[in-house]
Amino acid sequence: MKNIYDFQLRSNDEFKAAQLESIQNPNSFWGEIAETFQWHSPWNSVLNYDWSIPKTEWFVGGKLNITENCLDRHLLIHPDKLALIWEPNNQRDKTINYTYKQLFDAVCQFANGLKNHGIKKGDRVCIYMPMIPELTIAVLACARIGAIHSVVFAGFSSTALAARINDAKCNLLITSDGSYRGDKVVPLKEIVDVALEQCDSIQKCIVFQRTFMDVNWDDKRDIWWHDFVEGLSSHCPATIMDAEDPLFILYTSGSTGKPKGMVHTCGGYMVYTAYTFLNVFQYQPEDIYWCTADIGWITGHSYMIYGPLSVGATSVHFEGVPSYPNWSRFWEICEKYKVTQFYTAPTAIRALAKQPTKIIEGYDLSSLKVLGTVGEPINEEAWNWYNTYIGKNNLPIVDTWWQTETGGILISSLAGVSQQKPTYATQPMPGVQVALLDPDGKVILDKEAEGILTINHPWPSIARTIFGNHQRYKEVYFSAYPGRYFPGDGALRDSDGNYRITGRVDDVVIVSGHNLGTAPIENAINEHSSVVESAVVGFPHEIKGNALMAFVILYNDVIYSPELVGEIRDEVNRQIGPIAKPDKILIVSGLPKTRSGKIMRRILRKLAAGEIDSLGDISTLLNPEIVEEIIESLSKK
Ligand code: WT7
């Protein structure tokens, strides 16, 4: 029988052949890969879909449990191999390692606790925890018994948490007393207590003791984690799931309205995350892989838990932040564990690039083999910095484009295997069929083109619905261009068929009748040597229809001058043209960001338009105080 590693593509020719094969014979292509997993019964058909409904089913009728593939399977081969290396927030605290056997035991034990409290297949369990091993254990324990986990990032407010719990009607919540983030201690249980005042569906709240801080206690509802698992067996047979049974719900913010609970299912998600993990990162069995994301996001689900574990990998999980106790923390961790694959976000890269380079020079980064980036388009300056200072001009950088909705990476180079190109995500994964459309929805046949990115054919890990709202799922993703999946991003294609994601198509601004993407303008501004980061939005203009406003962060040691603002304008003029020159440039000390590090353009658009009375809810921002600062400097202008 073949092993999943037999499907690791090792050369550009093998990659091209796989791309071709996956398009010509998608069913046999994915069927053969899926056969390397452990199934209780085989599928009747590989793929069944109709995107006019829309409906997508993979490995139809197949029976499995994903945790048997992530855990049990490896116990026969390498029970003592490390599954997790956990690095605490504070360097002085002890690292905790979990071998595959230890992780298996902990998961089964916790799963038995869930069963004892009446949690069964199909129930929803909300997890609101810091980045500690118990978060991974809780996630896998749910999957073990077929409960649907809904992880909510532990940086969200009580209002946001309550909305997510109520939307999914969760029965049980798992949290901790508090969490450590840098020099802050966050009272998670306190936030939970406030949220639960509005959540009738929650019957029990399991609390892990992380900080030993004082907490309020509801005897009828709250149970300490250690009491919950006390004396329980670490034998827990896996609940047999249908390939299309839901595995988890994960919320993603819509461009408008309430968050969307994306539903991912068991079979296709497992096969696709494992396959893309192995191929994009070129993971080898002895490697130490580190993704700096939080498990509260899809990157954490797919490329910190399910993908790596399903191929028996060793991963580092980090509780803290890149700036604590100082900005060398990431490089110290890379050196300490001899990290081979390092996967982070452009926003982190830009913050790290702001620091003196001598911080990096003190660390031995020679173990690194692959660098990765995800979450937003990476600007050239950040790409170059990553390549020069971390990659030492010698490492492949995988720029992975995907979404909460896609479950796994759709466009990326394969590290060291397929061609890479700075700031380009490059080529679709095998099995992913991309089309660029013009504004009228017609497929652009020219190779070199810019357009709206769409996907023509199902891949195994596409989200199957929005929890409780299939109609919205249809409207958002399948109605703009019938028969195609519409991710909401634009892209540029070069003559070799490489894709560069240009940003959300909803961030296009029409200035004097010209379509202008804000992302390329930001890239131009960021090219200025004094600029750290910028955001450009449109605002109404009497003559042009729309004009542009740029919010710009300068390096700490730069002194503001009107000349500097002129230079920034010139930079845009030089790179894009006079039409793209911002009408207004405001120097700011920060940009309003979501807790996942995305710039909240909606708020910047309101600020630029002077609509400060209709900013909406800014409480879920990472840095609401910055909005006040911007309002004040606008009033001085
Ligand atoms: C949106 C999805 C995928 C996990 C993290 C984000 C943007 C994501 C890239 C990239 C350019 C990217 C897109 C996408 N995005 N990766 N490599 N290059 N843009 O997941 O929160 O669901 O956001 O992030 O605009 O649509 P998400």
Side-chain angles (χ1 to χ4, degrees), residues 151-153 155-156 249-255 259-264 269 272-273 276-277 280-281 291-307 343-350 371-380 382-383 386 397-413 420-429 432 434 452-455 459 461-463 466 476-477 480 485-492 498-508 517-520 522-523 593-601 620 622:
V151 180
V152 176
F153 175 59
F156 274 119
I249 299 170
L250 187 61
Y251 286 86
T252 184
S253 46
S255 39
K260 301 171 287 193
M262 305 314 304
V263 177
H264 283 284
Y269 177 81
Y272 193 79
T273 54
T276 48
F277 175 73
V280 169
F281 298 101
C291 168
T292 70
D294 191 288
I295 287 166
W297 310 120
I298 191 69
T299 309
H301 284 57
S302 302
Y303 298 109
M304 292 177 77
I305 299 186
Y306 290 114
Y343 188 28
T344 195
T347 183
I349 296 170
R350 287 194 292 263
L371 303 178
T373 154
V374 60
E376 57 183 309
I378 183 165
N379 50 303
E380 208 167 327
W383 195 98
Y386 203 24
I397 298 180
V398 291
D399 178 356
T400 62
W401 174 81
W402 57 299
Q403 311 177 291
T404 306
E405 296 87 333
T406 68
I409 295 166
L410 294 196
I411 305 183
S412 172
S413 55
Q420 84 178 27
K421 179 169 176 175
T423 76
Y424 278 68
T426 71
Q427 306 256 333
M429 289 289 108
V432 176
V434 172
I452 295 154
L453 190 64
T454 60
I455 320 285
W459 63 99
S461 67
I462 182 175
I466 292 175
V476 176
Y477 305 106
Y485 170 78
F486 168 59
D489 284 308
L492 203 74
N498 291 310
Y499 290 89
R500 183 188 201 290
I501 311 302
T502 48
R504 302 292 305 184
V505 287
D506 31 20
D507 284 331
V508 165
T518 51
E522 290 163 9
N523 284 344
K593 289 201 173 166
T594 65
R595 296 185 189 247
S596 57
K598 286 215 170 68
I599 299 167
M600 275 292 260
R601 288 162 201 286
T620 58
L622 186 67

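One-based numbering, in listed order, for ligands and for the atoms of each. Remember, it's a predicted structure, so these values are computed and weren't measured experimentally. Note: hydrogens, waters and symmetry copies are ignored here, and every other heavy atom, side chains too, is used.
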Handout entry: V434 and T454, any side-chain heavy atoms less than 4.5 Å apart
Key = no
Practice task
Note the single closest protein heavy atom to atom 11 (C) of ligand 1, along with its residue, its atom name and the distance in Å.
Solution key: P377 N, 3.1 Å
Practice task
State whether a side-chain donor-acceptor pair under 3.5 Å links Y303 with T276.
Solution key: yes
Exercise for the section: May I ask whether W297 has any heavy atom positioned less than 4.0 angstrom from an atom of ligand 1? Expected result: no
Exercise for the section: Apply side-chain hydrogen bond (donor to acceptor under 3.5 Å, both in side chains) to the pair Y477 and E405, showing each step before the final yes or no. Expected result: CA-CA 9 Å; Y477 305 106; E405 296 87 333; 2.6 Å; yes
Completion exercise
Across all chains, not counting sequence neighbours, the salt bridge (charged side-chain N to carboxylate O under 4.0 Å, His left out) partners of K598 are none
Practice task
Give a yes or no on whether a salt bridge exists between E522 and R601, defined as a side-chain N under 4.0 angstrom from a carboxylate O.
Solution key: yes
Problem - Which residue and heavy atom of the protein sit nearest atom 4 (C) of ligand 1, plus the separation - result: T299 OG1, 3.2 Å
Practice task
Output yes when the distance from some N or O of ligand 1 to some N or O of Q403 is under 3.5 Å, and no in every other case.
Solution key: yes
Practice task
Locate the shortest heavy-atom distance separating Y269 from G407; write the atom from each residue and the value.
Solution key: CE1-O, 3.7 Å
Problem - Polar atom proximity, G375 to ligand 1 (N or O, under 3.5 Å) - result: yes
Completion exercise
Looking only at heavy atoms, the pair that brings I411 and I501 closest together is CD1-CD1, 4.5 Å
Exercise for the section: Check each heavy atom of T404 against ligand 1 and say whether those closer than 4.0 Å belong to the side chain, the backbone, both or neither. Expected result: both
Practice task
Could you tell me which residues satisfy side chain to side chain contact (heavy atoms under 4.5 Å, CB included) with N523, sequence neighbours excluded, listed by chain and number?
Solution key: N379, R500
Problem - Interfacing atoms of ligand 1 (cut-off 4.0 Å, heavy-atom, T400) - result: 9 (C), 10 (C), 16 (N), 17 (N)
Exercise for the section: Report, in ascending order of atom number, the atoms of ligand 1 lying under 4.0 Å from any heavy atom of I298. Expected result: 4 (C)
Completion exercise
ligand 1 atoms nearer than 4.0 angstrom to some heavy atom of W402 are 2 (C), 3 (C), 4 (C), 8 (C), 14 (C), 16 (N)
Practice task
With atom 14 (C) of ligand 1 as the reference point, say which of D489, T373, L410, D399 has the nearest heavy atom.
Solution key: D489
Handout entry: Contact (N/O only, under 3.5 Å) between K598 and ligand 1
Key = yes
